[in-house]
*Asks:* 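Take a look at the following structure, please.
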Amino acid sequence: LTAAREQADDHRLELALRLVCRGLALASGAQTSFELTGLYGELLRETGQIDASIAAFEQALTLAPNEIDQARAWIGVARGLEIQDRYPQALDALDQAQRRAGHDASADLLAQIHGQRGNISFPLGRIDECFREHELALRHARAAASPLLEARALSGLGDAYYQRGRMLTAHRHFDQCIALCCEHGLAGIKAGNLAMLGL
């Protein structure tokens with residue numbers, strides 16, 4: 001699991017997938033099995049295997065030892081559904097995640113849930129909701145001290161301002177996002193936001 005995460009962080013996805021599969025063959029504890037299955041779902045999504053990714057996160061739901069881990073698995077399901085443009089189901093999955101996370105949810109989880117809702121609001125044309133969700137995501141990401149989640153929220157706000165025709169403000173958000181990505185080695189997010197900065 002540790003080796004697979006390290007390879008995933010270095011964008012060696014095929015090697016990370018092999019390590020996860022080996023880990024799943026060896027794992028016996030519930031928490032380790034859950035973590036491996038969730039990472040497997042992420043890697044499948046990153047390599048374009050969306051149906052398999054959703055199935056992996058659905059499997060993770062059955063392995064989750066607690067409601068917080070169930071919330072994490074539901075977020076994974078929602079990300080796959082969003083890629084497939086299955087927006088109502090993705091929003092339902094996020095509602096499930098929020099219910100499992102409960103009233104005392106961590107800032108990290110709340111940033112993920114709100115950020116994902118913001119992402120789904122964008123193609124649905126719900127721009128006010130998109131702003132609101134990404135602003136909440138940014139607040140929670142900063143509370144969680146998570147550069148990854150903060151970069152995602154800044155990117156989402158940049159998209160929302162771009163769609164509104166607020167080009168200077170969009171530019172500022174993309175620029176802040178890219179600076180954060182450079183500082184923390186977030187290559188995947190950086191690439192997408194460089195394209196938006198170019199536009």
*Asks:* Taking side chain as C-beta onward, heavy atoms only, is Phe57 less than 4.5 Å from Ile75?
*Replies:* no
*Asks:* Identify whether Leu197 and Met167 are in the same connected component of the hydrophobic contact network (ILVMFWY, side-chain heavy atoms under 4.5 Å).
*Replies:* yes
*Asks:* Please find the pair of heavy atoms, one from Cys130 and one from Gly118, that lie closest to each other, and give the distance.
*Replies:*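 Heavy atoms only, the tightest pair is SG-O, 3.4 Å.
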*Asks:* For Ser33 and Leu24, work out which heavy atoms get closest and say how close.
*Replies:*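 Closest heavy-atom pair between Ser33 and Leu24: O-CD2, 4.1 Å.
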*Asks:* Taking the side chain as every heavy atom from C-beta outward, state whether Gln112 and Arg79 have any atom pair closer than 4.5 Å.
*Replies:*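 Counting from C-beta outward, Gln112 and Arg79 do come under 4.5 Å.
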*Asks:* Check the hydrophobic clustering (I, L, V, M, F, W, Y; side-chain heavy atoms under 4.5 Å; chains of links allowed) and say if Leu17 and Leu15 are grouped together.
*Replies:*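 They do not share one cluster, since no chain of ILVMFWY contacts under 4.5 Å joins Leu17 to Leu15.
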*Asks:* Verify the cluster assignment for Val77 and Ile83: are they in a single hydrophobic cluster under the rule of side-chain heavy atoms below 4.5 Å apart?
*Replies:*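 The answer is yes; both residues are in one hydrophobic cluster.
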*Asks:* To the closest 0.5 Å, what do you measure between CG (Asn66) and CZ (Arg72)?
*Replies:*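 Going from CG on Asn66 over to CZ on Arg72, the span is 8.5 Å.
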*Asks:* Rounded to the nearest 0.5 Å, how far does CG of Leu124 lie from CD1 of Ile127?
*Replies:*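 So the CD1 of Ile127 and the CG of Leu124 are separated by 9.5 Å.
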*Asks:* Grouping I, L, V, M, F, W and Y whenever their side-chain heavy atoms are under 4.5 Å apart, do Leu109 and Leu149 come out in a common cluster?
*Replies:*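 No; tracing contacts between hydrophobic side chains, which count when under 4.5 Å, never links both residues.
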*Asks:* Please work out which of the three classes, parallel, tilted or perpendicular, describes the rings of Tyr161 and Phe131, given edges at 30° and 60°.
*Replies:*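 Perpendicular, since the angle between the ring planes exceeds 60°.
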*Asks:* As an exercise, state the distance from NZ of Lys190 to SG of Cys181, rounded to the nearest 0.5 Å.
*Replies:* 8.0 Å
*Asks:* Is the distance between the ring centroids of His114 and His134 under 6.0 Å?
*Replies:* no
*Asks:* Which heavy atom of Leu148 sits nearest to which heavy atom of Ile189, and what is that distance?
*Replies:* CD1-CD1, 3.3 Å
*Asks:* Please determine whether side-chain hydrogen bond (donor to acceptor under 3.5 Å, both in side chains) holds for the pair Gln31 and Asp69, giving the CA-CA distance in whole Å, both sets of side-chain angles, and the decisive distance to 0.1 Å.
*Replies:* CA-CA 9 Å; Gln31 188 67 46; Asp69 286 335; 3.2 Å; yes
*Asks:* Is the number of heavy atoms from other residues, nucleotides or ligands under 6.0 Å of Leu168 CG greater than 12?
*Replies:* no
*Asks:* Check whether any side-chain heavy atom of Val20 lies under 4.5 Å from a side-chain heavy atom of Thr37, and answer yes or no.
*Replies:*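 Side-chain contact under 4.5 Å: no.
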*Asks:* Is the CZ atom of Arg164 crowded by more than 12 outside heavy atoms at less than 6.0 Å?
*Replies:*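 Yes, because the 6.0 Å sphere around CZ of Arg164 holds more than 12 heavy atoms from other groups.
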*Asks:* Might you confirm whether atom CZ of Phe174 has over 12 heavy atoms from other residues, nucleotides or ligands at distances under 6.0 Å?
*Replies:* yes
*Asks:* Examine the side chains of Asp159 and Gln163 and answer whether a donor and an acceptor come within less than 3.5 Å of each other.
*Replies:* no
*Asks:* Where do Ile68 and Ala101 come nearest, in terms of heavy atoms and distance?
*Replies:*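 Result for this residue pair: CD1-O, 3.8 Å.
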*Asks:* Looking at Arg5 and Glu35, does any basic side-chain N land under 4.0 Å from a carboxylate oxygen?
*Replies:* yes
*Asks:* Considering only heavy atoms from C-beta outward, does the side chain of Leu110 approach that of Leu136 to under 4.5 Å?
*Replies:*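 Sidechains of Leu136 and Leu110: no contact.
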*Asks:* Should Ser53 and Glu42 count as side-chain neighbours, where that means a heavy-atom distance under 4.5 Å?
*Replies:* no
*Asks:* Looking only at non-hydrogen atoms, find the nearest pair between Ala60 and Phe34 and report the distance.
*Replies:*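 Minimum heavy-atom contact is O-CD1, 3.4 Å.
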*Asks:* For a quick test of reading the model, state the closest non-hydrogen atom pair linking Leu36 to Ala27 and the distance between them.
*Replies:*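 Minimum heavy-atom separation between Leu36 and Ala27: CD1-CB, 3.8 Å.
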*Asks:* Could you give the distance from CG (Asp128) to CD (Glu133), rounded to the nearest 0.5 Å?
*Replies:*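 Nearest 0.5 Å value for the CG-CD distance: 12.0 Å.
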*Asks:* Working to the nearest 0.5 angstrom, can you tell me the gap between Glu150 CD and Ser155 OG?
*Replies:* 12.5 Å
*Asks:* Going through the checks in order, is the side-chain contact (heavy atoms from CB on, under 4.5 Å) test met by Asp175 and Arg172?
*Replies:* CA-CA 5 Å; Asp175 208 32; Arg172 187 169 65 250; 5.6 Å; no
*Asks:* Is any side-chain heavy atom of Trp74 less than 4.5 Å from a side-chain heavy atom of Leu61?
*Replies:*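 Counting from C-beta outward, Trp74 and Leu61 do come under 4.5 Å.
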*Asks:* Does the pair Thr32 and Leu26 meet the rule for a side-chain contact (heavy atoms from CB on, under 4.5 Å), with working shown?
*Replies:* CA-CA 10 Å; Thr32 303; Leu26 296 170; over 6 Å; no
*Asks:* As an exercise, state the distance from CZ of Arg152 to CG of Leu138, rounded to the nearest 0.5 Å.
*Replies:*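 It is 13.5 Å, given to the nearest 0.5 Å.
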*Asks:* Find out whether His140 and Asp108 are in side-chain contact, i.e. whether some heavy atom of one side chain is under 4.5 Å from a heavy atom of the other.
*Replies:* no
*Asks:* Can you hop from Leu1 to Leu44 via hydrophobic side chains spaced under 4.5 Å?
*Replies:*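 Yes, same cluster.
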*Asks:* Going by side chain to side chain donor-acceptor pair (under 3.5 Å), name the pairs with one or both residues in residues 82-102, residues two or more places apart or in two chains.
*Replies:* Asp51-Gln84, Gln70-Arg100, Glu82-Gln116, Gln84-Arg86, Asp85-Tyr87, Asp95-Arg117, Gln96-Arg100, Gln98-Arg117
